[in-house]
Amino acid sequence: MAIDKIWVVAEATDQGPTTTTLELLTAARDLAGTVEAVAWGAGTAANAAVLGEYGATAVHDVGDIGDALPGAPVASAIAAAIAAGNGPSAILIPTSYDGRDIAGRLSARCDLPVLTNITGLVGGDELTTQHPVFGGSQIVSARFTGQGPGIYVIRAKSFAAESAGGAAAAVSPLAVGDLGSTNTATIVTRHVEERTGPKLDEAEVVVSGGRGLGEAANYSLIEELAKLLNGAAGASRAIVDAGWVPYSHQVGQTGKTVKPTVYLACGISGATQHMVGMKGSKNIVAINKDQDAPIFGVADLGIVGDVHKVLPALIEALKSR
Amino acid sequence: MNVVVCVKQIPDPAAPQSLEPGTHTLDRSGKLILDDSDAYGVEMALQLAEQAGGGEVTLVSMAPNGETSGLRTALAMGAAKAILVSDDALKGADALTTAKVLAAAIKRAEPDLVVAATESSDGYTGTTPVQVAELLGLPSVTFAKSVAIDGSSVKVERQTESGYDDVTSPLPAVVTVTAGVVEPRYPSFKGIMAAKSKPVETLTAADLGIATGATGQEITSVDEAEARAAGEIVVDEGDGAQRIVTFLEGLKLV
């Protein structure tokens, strides 16, 4: 089946469409003649200009879902359009908390398979997907073989977001389908954890700490170094699980994907789950006392040494400049 | 308070992993163990059942070759029983097929709550629990970093991009938990001995009325990723910090 029309599931915050949404719109432009967005929330009308600028000619508006989680209503609306014969030939969904909910529910509702953790798409008569496996050391290529639109769940930063200079997209409503009991979970309170400095997934420098720091108090070294370099502080899953730092700091498979100019991995061994999130960094510096740590396999500069000595010395050297 | 925990038995992540020639799916022919990510869900379920003052924890798993070693680990932690779906026809099953199998098995246990990890450590698709919820017609709350039962509803702190949300859902519901939601207990000797005699019901896809066959997707090739050029790895002789400064200077970052 030729790819004529692609729908991009367009997530947004109060600041507008997410960067990943714009990345997917950009990628979709190269793959199909028609690119449209599916959006929800109170800001859709205001976001139509940006969605249009990045290539969407239409926005299918699921409407303001209030305090509901997006998974059930957004999936049901897309499913209803597919069932009515008004669906696209492919649906691109960001790998995010809500994106995965939408993909899972849409897949089950339409009885369509889903391809996840995609980092590359190759166009043509059909789409071929690329997925990193084993910490990114190998790339698996895959495709859908059945009927019906493919559901593609794509990781952040897989594509660059580039404006197409398009006009504002036309907004039209997309009706929510029958939800039964699937939409009964509600958000009671939203908590925003304040961060200072550049955002983790946008910073030019990311300094991350891992288990090698020894104890939670030593994470202050990571924060201090990040601040000196005007960068963001990140973390491995191990120390997030251990409760040393909030989840919003996590880099890796289940956390953020980062591609800074330089990534400093301090006391991080380089587990598969971490590598997937940072391997695309332009430069990687690693400090680890274990010379066999996998992180050295991807490091441009590796210091086999004690983070408790190297980090304070590095901070001192930068301060004295 | 009856809780079902979806658990996956996976090849030991510490051992070398490989893809099967031909199908390019993960080689699962060797010994399988309980996915570490699932220990958190098992612990969470045990604590919720204990706090509710009754009910039991049932494990539901799909695995090749009648594998039960991972299930025994979770039974040793305190789960009461397990349902294992094992069928050669399910080899290489995709996430949706897996969800259909799990959903059908879960129905048999009639749970008040279904708990799963946010994603497995081997396939990390991260969609299966939500597919299960949709197939069962249940609400779902994913990425829970805290879970509590309040009467006939479940209260969850759900991770978000900017922090977390307090989410409440009526029961029954599907909740996926992150690593770190609770500290999993180590099975006691008594628990390990008791686990040997706990019931494990083994079913086939046909027992559950699940059609097997084409999954609607295929792997077309597997290629080596472009390797990063080998870097300079040096042992710190007291000059490590200065080397990093020089490297950053080269990038005009300091």
Side-chain angles (χ1 to χ4, degrees), chain A residues 71 97 100-101 103-105 107-109 113-117 128 132 134 136-146 180-182 184-193 205 229 240-241 243 247-248 253-254 261-262 283 285 296 298-305 310 313-314 317-318 321, chain B residues 17 24 94-96 99 118-119 124-127 130-131 133-135 137-143 145 159-170 173 179-180 214-225 228 231-236 240-245 247-248 251 253-254:
Chain A
Y97 304 104
R100 298 213 285 193
D101 284 1
R105 288 204 176 263
S107 159
R109 213 174 160 105
V114 56
L115 285 168
T116 59
N117 285 304
T128 301
F134 303 141
S137 60
Q138 293 184 328
I139 304 292
V140 162
S141 297
R143 66 183 183 100
F144 288 113
T145 55
S181 313
T182 59
T184 47
T186 52
I187 300 169
V188 181
T189 318
R190 297 170 205 258
H191 302 266
V192 176
E193 287 164 355
V205 177
L229 293 168
V240 172
D241 287 354
Y247 177 80
S248 54
Q253 170 64 37
T254 25
T261 303
V262 66
N283 296 279
V285 176
F296 288 129
V298 299
D300 300 286
L301 174 63
I303 306 293
V304 182
V310 178
L314 181 54
L318 291 171
R321 288 167 66 84
Chain B
Q17 308 279 298
H24 301 306
D94 69 330
L96 181 57
T118 52
E119 63 186 6
Y124 55 84
T125 309
T127 55
V130 182
Q131 288 168 317
E134 183 69 27
L135 292 166
L138 296 179
S140 57
V141 187
T142 50
F143 285 92
K145 61 173 197 159
Q159 287 174 353
T160 63
E161 284 295 332
S162 51
Y164 68 96
D165 290 345
D166 293 321
V167 179
T168 183
S169 171
T215 58
Q217 53 180 252
E218 67 174 9
I219 292 172
T220 51
S221 67
V222 181
D223 302 291
E224 291 298 316
R228 290 184 73 100
E232 186 191 2
I233 312 299
V234 294
V235 176
D236 179 33
Q242 191 50 50
R243 282 179 182 270
I244 295 173
V245 172
F247 186 85
L248 295 174
L251 297 170
L253 288 170
V254 294

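Order of the sequence lines sets the chain letters (A, B, ...), proteins ahead of strands, with each chain counted from 1.
When the candidates B:Q159, B:E161, B:R243, B:E224 are compared by the number of heavy-atom contacts under 4.5 Å with chain A, B:Q159 comes out ahead. Of all the listed residues (A:S141, A:A108, A:A142), the one sharing the greatest number of non-hydrogen pairs under 4.5 Å with chain B is A:S141. Between chain B and the options A:G180, A:S248, A:A299, heavy-atom pairs under 4.5 Å are most frequent for A:A299. Each of A:G305, A:A103, A:P113 has some count of heavy-atom pairs under 4.5 Å with chain B, and the biggest count is that of A:P113. Counting heavy-atom pairs closer than 4.5 Å to chain A, the top-ranked of the candidates B:A179, B:S169, B:A173 is B:A179. Contact tally against chain B (heavy-atom pairs below 4.5 Å) for A:T128, A:V192, A:I139: the top residue is A:I139. Taking chain A as the reference chain and counting heavy-atom pairs below 4.5 Å, the highest number among B:D236, B:V130, B:I244, B:D166 is found for B:D166. For the set A:A317, A:G243, A:S181, the count of heavy-atom pairs under 4.5 angstrom toward chain B peaks at A:S181. Ranked by heavy-atom pairs shorter than 4.5 Å toward chain A, the options B:L135, B:V235, B:T215, B:L248 are led by B:V235. Put simply, of A:L318, A:V310, A:T184, A:V240, the one with the most heavy-atom pairs under 4.5 Å next to chain B is A:T184.
With a threshold of 4.5 angstrom between heavy atoms, B:F247 approaches chain A through side-chain atoms but not through N, CA, C or O. Looking at B:I219, both its backbone and its side chain come within 4.5 Å of chain A, counting heavy atoms on both sides. Within the 4.5 angstrom heavy-atom criterion, only side-chain atoms of B:E119, from C-beta onward, approach chain A. The part of A:N117 that comes within reach of chain B is its side chain, from C-beta onward, which places non-hydrogen atoms under 4.5 angstrom from that chain. Both the backbone and the side chain of B:S221 have a heavy atom closer than 4.5 Å to some heavy atom of chain A. For A:T254, the parts lying under 4.5 angstrom from a heavy atom of chain B are both the backbone and the side chain. Using a 4.5 Å cut-off between heavy atoms, A:S137 touches chain B through its backbone atoms (N, CA, C, O) alone. When heavy atoms are compared at a cutoff of 4.5 Å, A:V285 approaches chain B solely by way of its side chain, counted from C-beta outward. For A:T145, the parts lying under 4.5 angstrom from a heavy atom of chain B are both the backbone and the side chain. For a residue to count as touching a neighbouring chain, one of its non-hydrogen atoms must lie under 4.5 Å from one of that chain's; by this rule A:A313 touches chain B with backbone and side chain alike. Of the atoms belonging to A:V205, it is side-chain heavy atoms, and not backbone ones, that fall under 4.5 Å from chain B. B:A99 does not touch chain A: none of its heavy atoms, backbone or side chain, sits under 4.5 Å away. Both the backbone and the side chain of A:I187 come within contact range of chain B, each with at least one heavy atom under 4.5 Å from a heavy atom of that chain. Of the atoms belonging to B:D223, heavy atoms from both backbone and side chain fall under 4.5 Å from chain A.
Atom CZ of A:R105 and atom OG1 of A:T182 lie 5.0 Å apart (nearest 0.5 Å). Taking OG1 of B:T142 as the start and OH of A:Y97 as the end, the distance is 9.5 Å to the nearest 0.5 Å. Summarising the geometry, atom OG1 belonging to A:T261 is positioned 7.5 Å from atom CG belonging to B:L251; distances are rounded to the nearest 0.5 Å. The CZ atom of A:R143 sits 11.5 Å away from atom CD of B:Q217, with the distance rounded to the nearest 0.5 Å. Here B:T220 contributes atom OG1 and B:H24 contributes atom NE2; the two are 8.0 Å apart, rounded to the nearest 0.5 Å. Rounding to the nearest 0.5 angstrom, the gap separating the CG atom in A:L115 from the CG atom in B:D94 is 9.0 Å.
Listed by chain and residue number, B:E134 satisfy the salt bridge (charged side-chain N to carboxylate O under 4.0 Å, His left out) test with A:R109 (two or more places apart in sequence, or in another chain).
Within the cation-pi definition used here (under 6.0 Å to the ring centroid, within 45° of the axis), B:K145 qualifies as a partner of B:Y164.
Looking only at side-chain heavy atoms (C-beta outward), B:V234 and A:I303 come within less than 4.5 Å of each other. Side-chain contact between B:V254 and A:L229: present, with at least one pair of heavy atoms (C-beta onward) separated by less than 4.5 Å.
Counting only N and O atoms by type, the side chains of B:T118 and A:R100 include no donor and acceptor under 3.5 Å apart.
Comment: A:D300 engages B:R228 in a salt bridge, judged by a side-chain N to carboxylate O separation of less than 4.0 angstrom.
Between A:A185 and B:P170, the shortest heavy-atom distance links the atoms N-CD, 4.4 Å.
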